[in-house]
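Remarks on the structure that follows.
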Amino acid sequence: MSGHAGTFAAPARAAVRRDRWRGVRTAVRYAVLIVVLVFSLFPILWVIGTSVKLPGEYLRNPPVWVPQEPTFIHYQNVMAQRGNLALKNSVIIASGATILSMLVGSLAAYSMARLQTGGKHFAFWLLSQRMMPPVVLIVPFFLLLREVGQIHPALGLDSHAALIALYTVFNLPFVIWMMRAYFDAVPAEVEESAQVDGSTRLRAFWEITMPLAVPGLIATGTFAFIFSWMEFLFAVVFTRTKAVTLPVAVAGFSGSQGSNWGQASALAVVAMLPVFALALLVQRHFVRGLTLGAVRG
Amino acid sequence: MNVAESTPGSVAATRGPSFAARRRIEGWLLVLPALLLIVALTIFPLIQALILSFQRWDLQSQEHPFIGLQNYRDALVDPRVWGAMQNTGIIVVGAVALEFLLGLGLALLFVGDFKGKRFAMPLLILPVMVAPIVVGLTWRMLWDNQYGAINQTLSWIAGREVNIIWLGHRDSALFAMIVTDVWQWTPFMFLVLLAGLSGVNPELYEAAALDGAGWWQSLRDVSLPGISRVIAVAIIFRALDVFKVFDLVYMFTQGGPGTSTESISWYVYQLGFKFFRLGYASAVSFLIVIFLTIVATVYVARFVRGAEA
C-alpha cells in the first residue's frame, strides 16, 4: 500500500492467478463429479442389475457385474405372490396419509401464518415433535391399537387405517412448517381485499390463497407421500399379513445369505422407481423440504 | 410475516376487541383438527408410556404392579443399554462427521454455475430418495463377503484375494453402517451447504481477495462464518436422524453377532416385541427422550441460536 504502482499491480496479478486456477478448478470439478456420480449411482444400478439376474449369476464368486442373461422372472414371481398386495397397501396407506395430513396440516398452517395462532412457541413445540425417535412410541401405540382392534378390527393392528393415522400424525409437523412458509409468501392484502368484498375467511382462503400456494402444496404433499412410502419401523411392528407395505415385504426376504436376492431386488426396484419419478417433481424444493424450511434452497 | 403482523392491530382498532377475540377463536378452530390428532396419537401415548415405565409389564405377569423407579434403575445398569448407546454414538459421530466433511468439500467445489450442473444435480440426490430398507438390502448384497462387489473391488486394488466378512464382526459392521449412511446422506449435506454458500454475499469474497486473503483465509473468514447457522442446522438434523438408526441394523446384522451391533432403537424394539417387556422398554424409551432433549436443547442454545447473532 506504499505507492500507486503497488495498488494497481496487485489486483492484476491476482486476476492472472485466478485465471490459471480457474482451469485447474474446472478440471478438478469434473473429475470429482464423475467419481461422485459413479459412487452414487453404482449401488442403485447394482440392485437393478440383481433384479434381472438368475441365482446362478447373483450367487457367484467372483460376482457377475453386468447381467449376462437378463430376465424378468423375479418381477413376475414376486408380483404374483406378496408383491402385489404390498404395492397396493403402500399406495393406499401413503396416499391416505398424504391427503389427510395435507388437509389437516394446511388448515393449521394457514391459521398460524395469517392469524399467528399459538405464536412462535406453538410452532417450535410442533417442530420438537419431529425430534423424538419413533421407537419411543411403538409400545404405547401397540397397546392402543390392540385395544382399538378388539372393538373394531379394521382400525386395529394390521389395518390400513392404523398406519394411515400414524403416518398422518408423523407428517403433520413437517406439513405445517412447510405450508406455513408458503402461506406466509402469499400477501395478506390479496386475501383481505376479497374479505372486504364480503366473502368469508374460509372462502377467501379456498379461492384466493389456496390456488396461489399450489406449488408449495404439491411439493409438500410429495414429500409427505415419500416419507410415508419409505417408513419401516411402524410398518414392521404394526402389520402382519393384510396391511404389509413394500418396505416390510422387501425386508421379509432378508435372512440367510443370498436367499431370494433376485425377488427381493425386484420388489426393491418396484419400491424405488415411483419415488425417483416423484423426486423430479420436488427437486427444486429438496433442501427446504428436508430441513423443514430451516434452510432456503 | 411483517405484512401479517402489521395489519391485525390496525384492523382491530377500527372494529373493537370482539374482532380480535373472534379472530383468535377462528384461528384455534383451524388448528384444532391437527392438535387433536397430535394429542391423541403422540401426547396421550407418551403419557401412557410414562405410566408403563413405572410398572412391571411383561408376558408372564397377568397383573401390572407399580414398581416405582425399578425399571429406570435396571436400565441405567443394563450393559445392553450402554452397549447400544455406544454403538449408536459411534455411528452418529462417524456418519455425521464424514458427511459434513465430504459435503462441505463438494459444496465448495461446486458452488457457482457450471456446465452439466442441471444434469448432475438430480442424479446426485437419488440416494436420498431410496427407502432406507432398500438401501439396507442393496448394501447388504454389496458388503457380502462372497457375492459382494466391495470385496471384489478391493481384490482388484490389492492384487490378491480379499475376503473380509464385513457384517460378521462388530467393528467392521459398524464401519459398514457408517459408510452406507454416508452414501445415502452426503448428497443432503452437500445440497444444504451449497444452498448456504450460494447465499453468501459475493462482495465479501471480493473484499477478502482485495485484502490479500488466500483460499484458506477466505474459507475460514468468509465462507464458514457466513454459513455457520446452516451448518448447525444441517448437523443437528442429521445427528437426530442417524440416532434413530434401525433399518440398517435390521438388514445388516439384526444386532449380531450376539448383541454387539445393536442400536438403541433396535434394542427397544427387541425389548418390546421379542421379550415383550413393555414396562422396561418404556423406561428405556423415556431415558432416550430425556437424553435427546438435553443434548438438543444445549446444542440449539449453543450453536443454532449463537450462530444467528
Side-chain angles (χ1 to χ4, degrees), chain A residues 14 29 32-33 37 40-41 43-44 46-47 50 59 61-63 104-105 107-108 110-111 114-115 117 129 131-133 135-141 144 165 168-169 172 184 187-188 230 232-233 237 247 250-251 254 258 261 264 268 271-272 275-276 279-280 283 286-287 290-291 294-295 297, chain B residues 1 3-4 7 23 27-28 30-31 33-34 37-38 41-42 45 48-49 109 114 120 122-127 129-134 137-139 141-142 146-147 149 152 188 191-192 195 209 230 233 237 240 243-244 246-247 250-251 265 268-269 272-273 278 281-282 285 288-289 292 296:
Chain A
R29 245 183 193 172
V32 172
L33 186 63
L37 276 177
S40 292
L41 297 181
I44 294 169
W46 189 265
V47 71
T50 307
L59 296 182
N61 183 6
V104 173
L107 287 179
Y110 173 77
S111 167
R114 274 290 177 280
L115 308 170
T117 307
Q129 301 300 305
M131 250 179 46
M132 199 166 30
V135 77
V136 168
L137 290 169
I138 57 175
V139 167
F141 276 159
L144 180 74
T168 299
V169 171
L172 269 180
D184 266 336
M230 290 180 171
F232 176 64
L233 178 62
V237 174
V250 170
S254 69
W261 279 359
M272 200 165 67
V275 182
F276 286 174
L280 290 175
Q283 208 206 115
F286 182 84
V287 168
L290 288 176
T291 59
V295 177
Chain B
M1 268 298 245
V3 177
T7 40
R23 196 182 156 89
W28 282 106
L30 292 173
V31 171
L37 271 171
I38 291 173
L41 289 175
T42 307
Q48 212 194 351
L109 195 60
F114 63 94
L123 291 175
L124 282 179
I125 65 170
L126 284 184
M129 292 295 174
V130 180
I133 208 74
V134 171
L137 170 76
T138 306
W139 284 82
M141 299 192 292
L142 290 172
Q146 283 184 62
Y147 313 127
Q152 169 78 6
F188 165 81
L191 288 181
V192 170
V230 172
V233 168
F237 261 83
L240 287 173
F243 189 87
K244 301 170 188 165
F246 176 79
D247 303 25
Y250 191 100
M251 292 306 278
S265 287
V268 172
Y269 166 75
F273 298 96
L278 301 191
S282 299
S285 300
I288 299 173
V289 172
L292 282 185

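Scope of the values below: all heavy atoms of this structure, side chains included, with no hydrogens, waters or symmetry mates. All values reported here derive from a predicted model rather than from experimental measurement. Order of the sequence lines sets the chain letters (A, B, ...), proteins ahead of strands, with each chain counted from 1.
Heavy-atom pairs under 4.5 Å with chain A peak, among B/A149, B/A296, B/P127, at B/A149. Taking chain A as the reference chain and counting heavy-atom pairs below 4.5 Å, the highest number among B/V134, B/T138, B/L41 is found for B/L41. In terms of heavy-atom pairs under 4.5 angstrom with chain B, the leader among A/A264, A/S111, A/A165, A/A279 is A/S111. The candidate from A/L280, A/L144, A/I44 with the greatest count of non-hydrogen atom pairs under 4.5 Å with chain B is A/I44. Between chain A and the residues B/V230, B/D247, B/L240, B/V268, the most heavy-atom pairs under 4.5 angstrom are made by B/D247.
For A/L137, the part sitting under 4.5 Å from any heavy atom of chain B is the side chain, from C-beta outward, and nothing else. Residue B/F273 touches chain A through its side chain alone, counting heavy-atom pairs closer than 4.5 Å. Contact of A/L233 with chain B is made through backbone and side chain together, with heavy-atom distances under 4.5 Å. Contact annotation for B/L137: only side-chain heavy atoms (C-beta onward) come within less than 4.5 Å of a heavy atom of chain A. Residue contact with chain A, scored on non-hydrogen atoms closer than 4.5 Å, involves the backbone and the side chain of B/V130 alike. The parts of B/L109 that come within reach of chain A are both its backbone and its side chain, each placing non-hydrogen atoms under 4.5 angstrom from that chain. Of the two parts of B/L123, the backbone and the side chain both hold a non-hydrogen atom closer than 4.5 Å to a non-hydrogen atom of chain A.
For B/Y269, the ring-ring contact (aromatic ring centres under 6.0 Å, His included) partners at least two apart in sequence or on another chain are B/F246, B/W266.
Inter-residue side-chain proximity for B/L37 and A/T168 is flagged as met; some heavy-atom pair is nearer than 4.5 Å.
The distance from the OG1 atom of A/T50 to the CE atom of B/M141 is 4.0 Å, given to the nearest 0.5 Å. In this structure, the separation between CE on A/M132 and OG1 on B/T42 is 5.5 Å, given to the nearest 0.5 Å. Taken from OG in B/S282 to CG in B/L278, the straight-line distance is 6.5 Å, to the nearest 0.5 Å. In this structure, B/W28 CH2 and B/R23 CZ are separated by 14.0 Å, a value rounded to the nearest 0.5 Å.
Between the B/S265 side chain and the B/K244 main chain, a donor and an acceptor come within less than 3.5 Å of each other.
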message = Under the criterion ring-ring contact (aromatic ring centres under 6.0 Å, His included), I'd like the reasoning laid out for B/Y250 against A/F232: C-alpha separation, chi angles, the key distance, then a yes or no.
response = CA-CA 10 Å; B/Y250 191 100; A/F232 176 64; 4.9 Å; yes

